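Quick caveat, the model's predicted, so the values are computed rather than measured. Note on naming: letters A, B, ... go to the chains in the order of the sequence lines (proteins, then strands), and numbering restarts at 1 for each one.
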Protein chains: 2
Amino acid sequence: MTDSGAAPTVYDVAERSGVSIATVSRVYRNPESVRPETRERVLAAARDLGYVPSGNARGLASRSTGVLGLCFPDSSDPDTDAEAAEAADDDAAMLYSDQIIRGMERAARRHGYALLIAASLKDGPESLVAKVAGRVDGFAVLARTVPTVELEVISRRQPVVMLAGPRESLDTADRLDHIEVANFDGQRELTRHLIEDHGVRRPAYIGSSEESPDAEARFRGFLAACRDAGVEVGGEPVVRVGTMTQAEGARAAEVLCERAGERPDAFVFANDQMAVGALHALERRRVKVPGDVVVTGFDGIPLSRLVRPSLTTVHQPMLRMGEAAVELLVERLSGSRTGDPVSVMLPVTVVRRASCGCGDEEPAGPGER
Amino acid sequence: MTDSGAAPTVYDVAERSGVSIATVSRVYRNPESVRPETRERVLAAARDLGYVPSGNARGLASRSTGVLGLCFPDSSDPDTDAEAAEAADDDAAMLYSDQIIRGMERAARRHGYALLIAASLKDGPESLVAKVAGRVDGFAVLARTVPTVELEVISRRQPVVMLAGPRESLDTADRLDHIEVANFDGQRELTRHLIEDHGVRRPAYIGSSEESPDAEARFRGFLAACRDAGVEVGGEPVVRVGTMTQAEGARAAEVLCERAGERPDAFVFANDQMAVGALHALERRRVKVPGDVVVTGFDGIPLSRLVRPSLTTVHQPMLRMGEAAVELLVERLSGSRTGDPVSVMLPVTVVRRASCGCGDEEPAGPGER
DNA sequence: ATGAAAGCGCTAACAC
DNA sequence: GTGTTAGCGCTTTCAT
């Protein structure tokens, strides 16, 4: 083995094995096209020089990287204090984006791609997307991670798929493939279950004041179920919080409990985090769940199963979303699909647990779930 | 917005905004060094051309990518059937590597790096590492993902840190930084607990036949505890499986139950996956855990808490390992540390749960854990 | 089967 | 402040 300063290049390997750089390149890209004897010589030289092909140079010359990307928002809950850091080393802290990463990685692997992941930490002029976009063959973006216009520009040059974000504007020249989940259907089915099977009559919906198309779709599902069952509710969420966190959920629960008039018999939250926060608050006030009031969430985060009572919610197939995103990208890249963007709608599942009055269904045996 | 075939380059932007390519480059790399007016002109041109800097070209020219990497083995349990696929969309399926990815991603983000991840799916001549190594500034490798010699070669040119793999050979010119966990200590403490607090007298250790230094260290910890307590055990694991999966764990349990002679009073597995498989098998055979036999694992994967009975195990700080790996890489890259490789040893924690006879400690209220 | 030469798109001196 | 000019390390025709 020889070692001398800078990283060896094709030139070094070529020289040492007495061939041209073209042949060295061939040995790696298309071994069959080189006489075995020559090939061995090259490989041997590469080995003792410690040669590793430069991915950058390759990408530059061949115009493809073999890498897919994912951009997601930097929405980690603060974990500065020691306790939180401890808890973070745990599945309960699994974020939405972590699941999507898993799904994408698997699918990418199957197709021979590696995965580049980056969170949107607000940086300088070089937006995150640009950084990722410049290093991959195609990528997925979690909704509201980056301005849509920027994506619009980039998607002119490479496949981009939008995750969980409903098509923003149908009028714009939209070239992005989309993957959404059945927010409307899921919330409607969950609400119907509450009304029909648990006799809920005065449900309160707690939504977000942010511009969240997902939350809006969920609310519409809620309304539809109420209307179908003849349950009267206002045309607006009873409470709108700022950030859909546990703290906000707890606050919302307090507000609803202290309000004049009859207390709602169900708190229907737009996401799990808020619902969990509410469970805390209700316990503090000695309000029984589901006895005094039913509570539900949306998302199906791991934590939803761990809290007591376990949370009835609507489970989103996040892993599948990741996989679907890769499939879409690969289709575009392989040229097996061209033309207009598509929208894939993934189904959700209502998960009935203790917080709505359905029995707790902890596994009896050592099941895997 | 103009759109015409190939992706626009610095030349296109330069021409359209009436400056040189150097200025275009400056606008992105060092905006301050360009007169605001000029800068705006360039940015505008870039915008309507749909210009995105090529990461490859940048990397080539600047010799750095702003990306860190992770290579890990393709060791997911098979999830081809529908049921498993369902379960996979769940935190329970979180693997060792997933946690490390999370840890690395966080830390990388803090340092302004993106993360490239790739599983070692055995490919052609171009080994996985080479692919990753060629596209990142430095990377981490999960032990036994790739041949050490290959790493040896690569680590001559860029920082590499080995995760969870004890330094293989002290005699070789080892340039890799290492991150290990206290396998020996953890297994010894767990075993001691079994013997002292649960009266275990005939423990059986189930290890791996693969060359796994981790598993070996654990076994030595097991032996040490037995010896200290005067419990007689052989100098070899009672069973060695091939791949440390659930299936193999189940098989090992079967074997131990059917063997002639007295059945062991404890199955001490080298990892959680096997232990979980064993729980299944034992349930099928109506062997009570921990009543008839105590079962323990190692790793502390999320699933270990979800199975019934919940699994007593040794928890590895996987998230921390990922973070530590990034810190080490960044130190090397920033030049703040040079010279001999270091070894970081991270502590583990014995987690006492139901499968060893300690009470189940499910949260009472809606706690977050 | 192998070599020669022209880029791929960008950064980094170095001039002006 | 801005332009000029070399490369960075590889792939890829096109010859031979």
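Between the P atom of D:dT11 and the CG atom of A:L60 lies a distance of 11 Å, rounded to the nearest Å. Rounded to a whole Å, the CZ atom of B:R41 is 12 Å from the C1' atom of D:dG1. For B:I21 and C:dT11, the CD1 to P distance is 9 Å, given to the nearest whole Å. Distance A:R29 CZ to C:dA1 P: 18 Å, rounded to the nearest Å. Between the P atom of C:dG9 and the CG atom of B:D12 lies a distance of 9 Å, rounded to the nearest Å. Taking atom CZ of A:R26 as the reference point, atom C1' of D:dC14 lies 11 Å away to the nearest angstrom.
Within 6.0 Å of the CG atom in B:N30, the count of heavy atoms belonging to other residues, nucleotides or ligands exceeds 12.
Residue contacts for A:R63: at a heavy-atom cut-off of 4.0 Å it reaches the sugar-phosphate backbone alone, with no base atom in range. Within 4.0 Å (heavy atoms only), A:V24 reaches no atom of the nucleic acid at all. Across all strands, A:S25 comes closer than 4.0 Å to base atoms (heavy-atom distances).
Checked against C:dT11, D:dC10, C:dG9, the side chain of A:T9 finds its nearest nucleotide in D:dC10. Of the candidates D:dT12, D:dG1, D:dG9, the closest approach to any side-chain atom of B:R35 belongs to D:dG1. Of the candidate nucleotides C:dT11, C:dG9, C:dC8, C:dT11 has the atom lying nearest to any side-chain atom of B:S62. With D:dC10, D:dT5, C:dT2 as the choices, the nucleotide that has an atom nearest any side-chain atom of A:T23 turns out to be C:dT2. Nearest to the side-chain atoms of A:R58 among the listed nucleotides D:dT11, C:dG3, C:dT2 stands D:dT11.
Heavy-atom minimum distance, A:V19 versus A:T38: CG1-CG2, 3.7 Å.
Interface remark: the B:R39 side chain does not form any donor-acceptor pair with the D:dG1 base, using a distance-only criterion of under 3.5 Å.
The side chain of A:T38 places an N or O atom within less than 4.0 Å of a non-bridging phosphate oxygen (OP1 or OP2) of C:dT2. A close approach under 4.0 Å does occur between a side-chain nitrogen or oxygen of B:S20 and OP1 or OP2 of D:dG3. B:Y11 has no side-chain polar atom (N or O) that falls below the 4.0 Å cut-off from OP1 or OP2 of C:dG7.
Side-chain rings of B:Y51 and B:Y28 approach one another, their centers coming within less than 6.0 Å.
A salt bridge links B:R175 with B:E152; the closest basic N to acidic carboxylate O contact falls under 4.0 Å. Salt-bridge formation is detected for the pair B:R16/B:D48: a Lys NZ or Arg NE/NH1/NH2 atom is positioned less than 4.0 Å from an Asp or Glu carboxylate oxygen.
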